[in-house]
Amino acid sequence: MRQAGRIIAKTMREVSEAMEAGKHSLLNLDSMAEKIILAEGGIPSFKGYKGFPATACIAVNDGVVHGIPTDYIIQKGDIVTLDFGVIWQGWHADSAWTFAVGEIAQNAQRLMNVTKESLYQGIGKAKAGNKVGDISFAVQNYVERNGYSIVRDLVGHGIGQNLHEEPSVPNFGKARKGVPLRAGMTFCIEPMVNEGTYRVKTLSDGWTVVTADGKLSAHYEHTVVVTSDGPLILTSEED
Ligand code: MG
Ligand code: MG
């Protein structure tokens, strides 16, 4: 899972470096990601998952998750989320990151900052002896304190030899409740944060989830393992 996570982090960095305004379509970014993953010896885990047609879910602006890459060419001011998983020798990792294309509006930047920090607030609670609800509460509390809303319809998840395993890791809930955390547990923490309402809707392609009110959404995700020394992020290039 560590190796799967390294491949994801490297792919995330290289594709994001190519995200110049007016240069690439979402389909281009997707095929870039696929090439890098395969060259590193990984398998893109989303492709074919329940029929999903691409390597990466790509969500632009009001896109929340599960966006099918299209021929849309990214523009200055867009915020673009790449979300993908990799299998390495049977073991999975999964990560998502929102990137700015060129100069973006202040409200978009603030949404990204708060969403990213809410992920780290959640990761900080991924300790043996805590419960899943401690993560959920930390994320929700940070997001709502900053005036944003947390998506309810989609949640984080356990991960290992499958992309989605028990337990669910909601981004909202009560501290001290839920599944107890033990050393060795691996899961994805992935706050999806909306500027306006937490409500979302699915487009007619059956996959792409967008905000119900058309306002912006951001999404950050790491695969994390609980160790006896605290949380360790697996989807990172650094050791
Ligand atoms: Mg995930
Ligand atoms: Mg993901």
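Just the heavy atoms: all of them, side chains too, but no hydrogens, waters or symmetry mates, feed the values below.
- Not a single donor-acceptor pair under 3.5 Å links the side chain of Asn61 to the backbone N or O of Asp78.
- A distance-only check finds a donor-acceptor pair linking the side chain of Ser45 to the backbone of Gly85 [under 3.5 Å].
- Not one N or O on the side chain of Thr11 forms a donor-acceptor pair closer than 3.5 Å with the backbone of Ile36.
- Using cut-offs of 30° and 60° for the angle between ring planes, the His222 and Trp97 rings count as tilted.
- Hydrophobic clustering, with ILVMFWY side chains joined whenever heavy atoms are under 4.5 angstrom apart, keeps Phe137 apart from Val132.
- With hydrogens and angles ignored, the 3.5 Å screen pairs a side-chain donor or acceptor of Asn194 with a backbone N or O of Thr197.
- Applying side-chain contact (heavy atoms from CB on, under 4.5 Å) to Val193 and the options Ile150, Asn146, Val64 leaves one that passes, Ile150.
- No chain of hydrophobic side-chain contacts below 4.5 Å, direct or via other Ile, Leu, Val, Met, Phe, Trp or Tyr residues, connects Met32 to Ile43.
- Checked by atom type and distance alone, the side chain of Gln109 never pairs as donor or acceptor with a backbone atom of Ala105 at under 3.5 Å.
- Although no hydrogens or angles enter the test, the distance criterion places a donor-acceptor pair under 3.5 Å between the side chain of Asp134 and the main chain of Lys131.
- Under a hydrophobic-cluster definition in which Ile, Leu, Val, Met, Phe, Trp and Tyr are linked whenever side-chain heavy atoms come within less than 4.5 Å, directly or via other members, Met12 and Val86 are assigned to the same cluster.
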Stepwise, does the side-chain hydrogen bond (donor to acceptor under 3.5 Å, both in side chains) test hold for Asn171 with Gln140?
-> CA-CA 6 Å; Asn171 300 301; Gln140 179 179 20; over 6 Å; no
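- The closest donor-acceptor contact from the side chain of Tyr220 to the backbone of Thr98 lies under 3.5 Å.
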Pair His157-Glu221, side chain to side chain contact (heavy atoms under 4.5 Å, CB included): steps then yes or no = CA-CA 11 Å; His157 49 92; Glu221 173 183 25; 3.5 Å; yes
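- The backbone N or O of Gly5 sits nowhere less than 3.5 Å from a side-chain atom of Thr235 that would complete a donor-acceptor pair.
- For an aromatic pair to be called close, the ring centres must be under 6.0 Å apart, and Phe52 with His66 fails this.
- In terms of modelled atom types and a separation under 3.5 Å, the side chain of Glu195 and the main chain of Leu216 share a donor-acceptor contact.
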Apply side-chain hydrogen bond (donor to acceptor under 3.5 Å, both in side chains) to the pair Glu117 and Asn113, showing each step before the final yes or no.
-> CA-CA 6 Å; Glu117 178 55 28; Asn113 294 348; over 6 Å; no
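- Side-chain atoms of Thr227 do not come within 3.5 Å of backbone N or O of Pro231 as any donor-acceptor pair.
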